[in-house]
Peer 1: 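One structure coming up, written as structure tokens, with questions to follow.
For clarity, every value in this text was computed on a predicted model and none was experimentally measured.
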Amino acid sequence: MLSRFNLTHPPFGKEVTVDEFFGTEELASATARLKAAVEGRSSAVLTGESGCGKTCVIRALEDAMVSGNHRFHYIHNSMVNPRDFYRQLSMELGLEPRATAASLFQQVSHHFAQVATEHRARTILVLDEAHLLPHGVLSHLHILLNFERDSKPWLSLVLVGLPELRGTLGRDSLKSLSSRLPTRIALSSLDATGVREYVLHRMTKAGAKSQIFSEDALLLMAEATRGLPRLINEVASHSLVEALASKGTVVDA
């Protein structure tokens with residue numbers, strides 16, 4: 001496939017560096033807003049459909065933070081009870097897991113305080129798939145953010161999930177947590193123009209010297225994928241493979 005289309009590497013693979021991301025204004029704005037939130041010692045929520053680019057925003061955020069001033073931690077296994085959540089968090093932080101939820105919580109809280117006071121660094125905790133977090137975990141997160149009666153904002157929390165996460169955080173029982181997440185960012189999918197630019201961007205980064213996908217193919221791809229980059233990658237990759245059966249060098253509709 002690479003030689004047929006004069007490419008240097010597969011154009012729609014997952015191994016993409018941050019500097020090769022397709023930078024839409026929306027993604028750049030989302031990254032900037034998250035960066036401003038954590039630098040301002042606040043917390044945030046990032047939502048969007050599966051495959052819309054949330055992971056790209058989180059990777060860009062991590063890349064943008066100065067490692068000496070911030071400790072970045074990422075957890076994606078969200079379907080756990082409170083004790084297992086804090087055990088998982090302890091392991092992510094490099095701490096020895098304790099037996100009870102209370103002791104785990106105290107250990108984690110002490111670690112965040114220690115990082116802030118002794119190392120002059122703030123902790124950024126990203127919880128992916130947060131729409132799957134049980135109510136018992138969500139209802140306790142505001143306590144995790146509470147240091148010395150909210151006077152010491154040593155932890156920034158970023159909840160990442162599907163759009164239903166916004167509705168979940170609107171429940172009366174989660175008002176304490178919701179009030180501590182003032183920055184709310186909702187990503188949308190790409191329109192037809194965005195899909196076209198995305199595909200051309202990925203192809204160019206892979207070494208394409210000419211337009212491989214026809215305009216009709218790009219329009220059909222926009223419709224089939226609903227503008228979600230993850231689906232675009234899959235459809236475009238399969239389309240290139242299917243095109244090998246023809247003798248042409250253009251992927252048509």
Side-chain angles (χ1 to χ4, degrees), residues 1-2 5 7-34 44-64 72 74-79 126-133 158-168 184-208 211-244 251-253:
M1 181 180 73
L2 299 183
F5 298 109
L7 303 176
T8 58
H9 60 271
F12 300 101
K14 294 182 179 180
E15 297 179 359
V16 182
T17 60
V18 172
D19 60 344
E20 290 185 338
F21 283 166
F22 175 63
T24 67
E25 290 185 7
E26 183 181 44
L27 293 181
S29 174
T31 303
R33 290 182 62 193
L34 281 183
V45 179
L46 174 66
T47 58
E49 295 291 344
S50 179
C52 72
K54 299 187 297 295
T55 300
C56 291
V57 172
I58 295 303
R59 286 183 58 192
L61 172 67
E62 182 179 11
D63 187 70
F72 195 97
Y74 172 89
I75 293 179
H76 68 278
N77 184 15
S78 300
M79 298 182 68
V126 177
L127 300 182
D128 203 353
E129 305 294 341
H131 58 281
L132 298 176
L133 281 170
V158 180
L159 299 186
V160 183
L162 296 182
E164 53 258 39
L165 177 60
R166 298 195 298 268
T168 299
R184 306 290 178 95
I185 303 169
L187 296 182
S188 59
S189 57
L190 299 172
D191 59 14
T193 299
V195 171
R196 180 183 187 277
E197 293 175 350
Y198 176 83
V199 172
L200 296 182
H201 169 84
R202 295 295 294 263
M203 292 296 292
T204 299
K205 289 294 183 180
Q211 184 171 330
I212 305 300
F213 288 84
S214 72
E215 293 297 332
D216 285 345
L218 292 171
L219 286 173
L220 186 59
M221 193 181 303
E223 180 181 347
T225 64
R226 308 190 312 279
L228 297 172
R230 184 180 300 159
L231 293 181
I232 296 171
N233 292 341
E234 294 178 5
V235 172
S237 294
H238 285 298
S239 297
L240 288 171
V241 172
E242 290 294 324
L244 291 177
V251 179
D252 59 22

Peer 1: Does any part of the side chain of Gln211, heavy atoms only, come nearer than 4.5 Å to the side chain of Leu218, both counted from C-beta?
Peer 2: yes

Peer 1: Taking only residues two or more places apart in sequence or in another chain, which ones pass side-chain contact (heavy atoms from CB on, under 4.5 Å) with Thr17?
Peer 2: Asp19, Glu20

Peer 1: Which atoms form the tightest heavy-atom contact between Thr47 and Leu162, and what is the distance?
Peer 2: CG2-O, 3.8 Å

Peer 1: Write down the atom of Arg202, the atom of Pro11, and the distance for their closest heavy-atom approach.
Peer 2: NE-O, 3.0 Å

Peer 1: Going from CG on Leu61 to SG on Cys56, what distance comes out if it is rounded to the nearest 0.5 angstrom?
Peer 2: 13.0 Å

Peer 1: Within a strict 4.5 Å, meaning less than it, do heavy atoms of the Tyr198 and Asn233 side chains meet?
Peer 2: yes

Peer 1: Give, for atom CG of Leu127 and atom CG of Leu159, the distance between the pair rounded to the nearest 0.5 Å.
Peer 2: 5.5 Å

Peer 1: Within a strict 4.5 Å, meaning less than it, do heavy atoms of the Glu129 and Leu132 side chains meet?
Peer 2: yes

Peer 1: So, do Val251 and Leu240 sit near enough that their side-chain heavy atoms are less than 4.5 Å apart?
Peer 2: yes

Peer 1: How many angstroms lie between CD in Glu26 and OG in Ser29, if you round to the nearest 0.5 Å?
Peer 2: 8.0 Å

Peer 1: Search all heavy atoms of Arg166 against all heavy atoms of Ala186 and return the closest pair with its distance.
Peer 2: NH1-CB, 3.5 Å

Peer 1: In Å and rounded to the nearest 0.5 Å, what is the CZ to CG distance from Arg196 to Leu190?
Peer 2: 13.5 Å

Peer 1: Do the non-hydrogen side-chain atoms of Val45 and Ile185 ever get within less than 4.5 Å of each other?
Peer 2: no

Peer 1: Only one of Phe21, Phe22, Phe12 forms a ring pair (Phe, Tyr, Trp, His ring centres under 6.0 Å) with His201, so which one is it?
Peer 2: Phe22

Peer 1: State, to 0.1 Å, how close Ala44 and Leu34 come at their nearest heavy-atom pair, and which atoms those are.
Peer 2: CB-CD2, 3.5 Å

Peer 1: Using only heavy-atom distances, determine whether the side chains of Glu49 and Ser189 contain a donor-acceptor pair under 3.5 Å.
Peer 2: no

Peer 1: Return the SG to CZ distance between Cys52 and Arg226, rounded to the nearest 0.5 Å.
Peer 2: 11.0 Å

Peer 1: For atom CD of Glu215, decide whether the heavy atoms of other residues, nucleotides or ligands shown that lie under 6.0 angstrom number more than 12.
Peer 2: yes

Peer 1: Taking all atoms of both residues into account, what is the closest heavy-atom pair of Ser50 and Arg230, and its distance?
Peer 2: OG-NH1, 2.9 Å

